[in-house]
Amino acid sequence: MSSENHVRVRFAPSPTGYLHVGGARTALFNWLYARKMQGQFLLRIEDTDRERSSEEHTQVIRDGLAWLGLDWDEDIVFQGAGLERHQDSADKLLVDGHAYEDDGAVRFRMPREEIAWDDAVGGPISFQGSDIQDWVILRSDRTPTYNFTVVADDADMRISHVIRGADHISNTPKQIAVFQALGQTPPVFAHVPMIHGQDGRKLSKRHGATAVGDYRKLGILPEALRNFLALLGWNPKDERELFFEIDDLIQAFSLNDVQRKAAIFDLTKLEWMNGQYLSQTPVGDLLPLVEPEMQRLGFDPGSVPPDKLAKAVDINRERARTTQDIAERAVIRLDPRFIKQDDEKAQKLIAKDPDASSSALQAALDRLSGLDDSDWKPDRLESELRVLAETLGVGPGKVFQPIRIAVTGTTVSEGIHLLLDVVGREESLDRIKEAVEKRR
RNA sequence: GCCCCCAUCGUCUAGCGGUAAGGACACCACUCUUUCAAGGUGGUGACAGGGGUUCGACUCCCCUUGGGGGCACCA
């Protein structure tokens with residue numbers, strides 16, 4: 001790879017053992033930019049506190065990024081590994097007069113003049129050096145502090161772009177001053193705004209789901225979360241919102257178009273977007289995601305024939321917003337134990353006219369019992385049921401809705417003929433029979 | 001307290017001196033349909049306030065207000 005025009009960006013999550021969506025979005029922006037510029041996306045773990053630096057602390061981060069489809073180049077760099085190098089640079093600053101000893105620690109001497117930079121997101125930003133106190137770069141135990149190590153490492157790794165959260169804006173003048181003292185040109189800085197919760201405050205654990213893993217558990221597809229996160233604080237300047245092809249997103253991305261204002265995380269829109277992705281995803285790809293959800297609900301996907309399982313998943317794909325939704329609906333169709341018992345709308349509907357609904361059910365039962373397995377096909381079922389409604393002299397809904405409730409326990413489903421087809425002849429008849437008896 | 005950043009529908013946003021202020025989510029209505037959802041159509045809904053600059057400000061400047069972030073021998 002050529003070394004000119006070579007963009008290197010880095011991502012430096014704290015080893016908190018949890019990947020916040022804000023951090024994930026920052027990583028995504030880094031990644032999109034690096035991929036677009038055909039540079040490198042480098043992962044660095046900031047672990048000056050070496051007690052906490054370990055493989056397991058980075059595992060959640062690796063998993064989360066990999067799940068989102070963000071791959072990094074080169075091995076992960078651990079900040080703690082550079083201890084001696086950091087100490088050497090600090091000593092050099094001491095010799096050069098850019099730093100001085102204070103109570104056994106080494107303090108950096110801030111220049112008094114203005115320190116300014118042109119932020120790739122925020123535009124021109126400036127601080128007065130005189131407003132910033134001299135700060136410790138080496139503690140009295142000779143361990144370096146964060147603001148110093150990042151600079152030393154950025155310089156060492158020849159980082160060209162630092163894309164990070166806006167909470168680092170006020171660290172930037174300190175870091176620029178160190179770059180200058182070290183005789184290095186500072187990288188391009190890009191500060192992306194924070195993500196806030198519904199109450200407009202920093203998105204934190206009390207807002208519920210904040211970790212990438214939480215959304216995974218909620219049944220969100222990684223592609224959907226990635227798409228959503230990309231659009232939170234950035235937009236492609238045209239009216240596209242759905243980027244099913246990651247390359248389109250990479251091509252469209254630009255730091256200039258990143259918002260300067262914090263954005264509020266809107267779960268509803270994420271779910272909508274997830275629904276869009278769900279209906280684009282072939283059943284085959286969905287099954288591995290839905291099956292674990294079914295297991296969590298207490299259903300063994302292996303207990304039914306694969307084609308039946310696939311059908312139950314597929315039929316709900318376009319209606320659902322999360323893979324959890326799909327699992328919940330599919331399981332109702334595959335196992336009578338999951339028929340909804342407490343659906344309010346369903347209860348009300350029956351209560352409105354119990355006699356009519358049980359006689360409709362009885363009539364349906366009589367008529368459908370007459371069909372054998374080979375007749376149990378969507379088309380045939382539909383015509384049978386329509387004819388039935390006609391003979392009874394009632395609107396089709398009067399017949400279909402009680403059946404739907406008998407079979408699923410809810411008032412919501414695919415077309416009734418499709419539903420009966422998925423559930424199958426024997427099971428459907430059983431469920432209707434059961435309902436008839438229960439209401440007697 | 002000091003420093004920095006920000007400010008268009010409820011939310012995500014377009015706008016870069018002259019627009020009926022556009023789109024998306026959500027919401028409402030209608031439509032489709034046997035129901036629900038999805039889909040389609042339409043609708044409600046915003047430039048924080050005050051001063052300038054200008055023939056003309058959402059757009060530029062200043063102030064106020066509001067929000068956020070930062071001021072460690074944390075990262």
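In the text below, chain A, chain B and the rest are named by the order of the sequence lines, each starting its count at 1.
Remark: the separation of the P atoms in rA48(B) and rC12(B) is 14 Å, to the nearest Å. To the nearest whole angstrom, the two P atoms, one in rG45(B) and one in rG23(B), are 14 Å apart. Taking atom C1' on both rC16(B) and rA57(B), the two are 13 Å apart, rounded to the nearest angstrom. Nucleotides rG50(B) and rU13(B), compared at atom P, are 26 Å apart to the nearest Å. For the C1' atom pair drawn from rU44(B) and rC27(B), the interatomic distance equals 8 Å after rounding to whole Å.
In this structure the side chain of Trp234(A) reaches within 4.5 angstrom of the side chain of Pro236(A), judged on heavy atoms.
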Problem - salt bridge (Lys or Arg N to Asp or Glu O under 4.0 Å) between Arg139(A) and Asp103(A), intermediate numbers included - result: CA-CA 9 Å; Arg139(A) 301 184 185 90; Asp103(A) 274 333; over 6 Å; no
Practice task
Test side-chain hydrogen bond (donor to acceptor under 3.5 Å, both in side chains) on Arg8(A) and Ser160(A) and set out the steps.
Solution key: CA-CA 5 Å; Arg8(A) 310 183 82 157; Ser160(A) 65; over 6 Å; no
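Within the shown strands, rA24(B) is the pairing partner of rU11(B) under the Watson-Crick or G-U definition, both distances less than 3.5 Å. Using N1 to N3 plus N6-O4 or O6-N4 for Watson-Crick, or N1-O2 and O6-N3 for G-U wobble, each under 3.5 Å, rC2(B) pairs with rG70(B). Pair check for rG45(B) finds none; no Watson-Crick or G-U wobble contact set falls under 3.5 Å. Across all strands shown, rC30(B) pairs with rG40(B); the Watson-Crick or G-U wobble distances both stay below 3.5 Å.
Distance NZ (Lys202(A)) to C1' (rC6(B)): 16 Å, rounded to an integer number of Å. Atom CG in Leu231(A) sits roughly 12 Å away from atom P in rC12(B) (whole-Å rounding). Atom CD in Glu241(A) sits about 11 Å away from atom C1' in rA14(B), given to the nearest Å. One can place CG of Asp118(A) at 16 Å from C1' of rC4(B), the figure rounded to the nearest angstrom. The CG-P distance, from Asp134(A) to rA72(B), rounds to 13 Å in whole Å. One interatomic measurement links the two molecules: CG of Leu419(A) to P of rA37(B), which rounds to 17 Å at whole-angstrom precision. Between Glu114(A) atom CD and rC4(B) atom P there is a gap of 10 Å when expressed in whole angstrom units. Nucleotide rA37(B) holds its C1' atom 12 Å from the CD atom of Gln401(A), rounded to whole Å.
Ionic pairing of Arg10(A) and Glu46(A) is present here: one or more N-O contacts between side-chain nitrogen and carboxylate oxygen are shorter than 4.0 angstrom. The residues Glu390(A) and Arg386(A) are annotated as not salt-bridged, no charged nitrogen and carboxylate oxygen being separated by less than 4.0 angstrom.
Residue contacts shown for Ala263(A) are limited to sugar-phosphate atoms, with no base heavy atom under 4.0 Å away. Contacts of Arg321(A) with the nucleic acid, taken as non-hydrogen atoms under 4.0 Å apart, involve only primed sugar atoms and P, OP1 or OP2. Within 4.0 Å of Gln259(A), counting heavy atoms only, lie sugar-phosphate atoms of the nucleic acid but no base atom. Among the heavy atoms of the strands lying under 4.0 Å from Arg404(A) is at least one base atom, whether or not backbone atoms are also near. Residue contacts for Gly415(A): at a heavy-atom cut-off of 4.0 Å it reaches a base atom on one of the strands shown. Residue contacts shown for Thr172(A) are absent, as no nucleic acid heavy atom lies under 4.0 Å away. Asn171(A) comes within 4.0 angstrom of a base, heavy atoms only. Residue contacts for Asp103(A): at a heavy-atom cut-off of 4.0 Å it reaches a base atom on one of the strands shown. Across all strands, Thr268(A) comes closer than 4.0 Å only to sugar-phosphate atoms, never to a base (heavy-atom distances). Contact annotation for Lys398(A): no contact, since no heavy-atom pair falls under 4.0 Å across all strands. Backbone-only contact: His196(A) has heavy atoms under 4.0 Å from sugar-phosphate atoms and none from a base.
Sorted by first and then second residue, the salt bridge (charged side-chain N to carboxylate O under 4.0 Å, His left out) pairs with a member in residues 108-128 of chain A form an empty list; sequence neighbours excluded.
A donor-acceptor contact shorter than 3.5 Å links the side chain of His20(A) to the backbone of Leu203(A).
For rC71(B), its base never sits under 3.5 Å from the side chain of Ser170(A) at any donor and acceptor pair. A donor N or O paired with an acceptor N or O is not found under 3.5 Å between the base of rA26(B) and the side-chain atoms of Lys269(A).
In this structure, Arg201(A) does not reach the rG67(B) phosphate: none of its side-chain N or O atoms is under 4.0 Å from OP1 or OP2. The phosphate of rA75(B) (OP1 or OP2) has a side-chain N or O of Arg139(A) nearer than 4.0 angstrom. Residue Asn235(A) places no side-chain N or O under 4.0 Å from the OP1 or OP2 atom of rU13(B).
Taking Lys311(A) as the reference, Asp421(A) meet the salt bridge (Lys or Arg N to Asp or Glu O under 4.0 Å) condition, with sequence neighbours excluded.
Here the nucleotide nearest the side chain of Arg319(A), chosen from rC36(B), rU35(B), rG10(B), is rC36(B).
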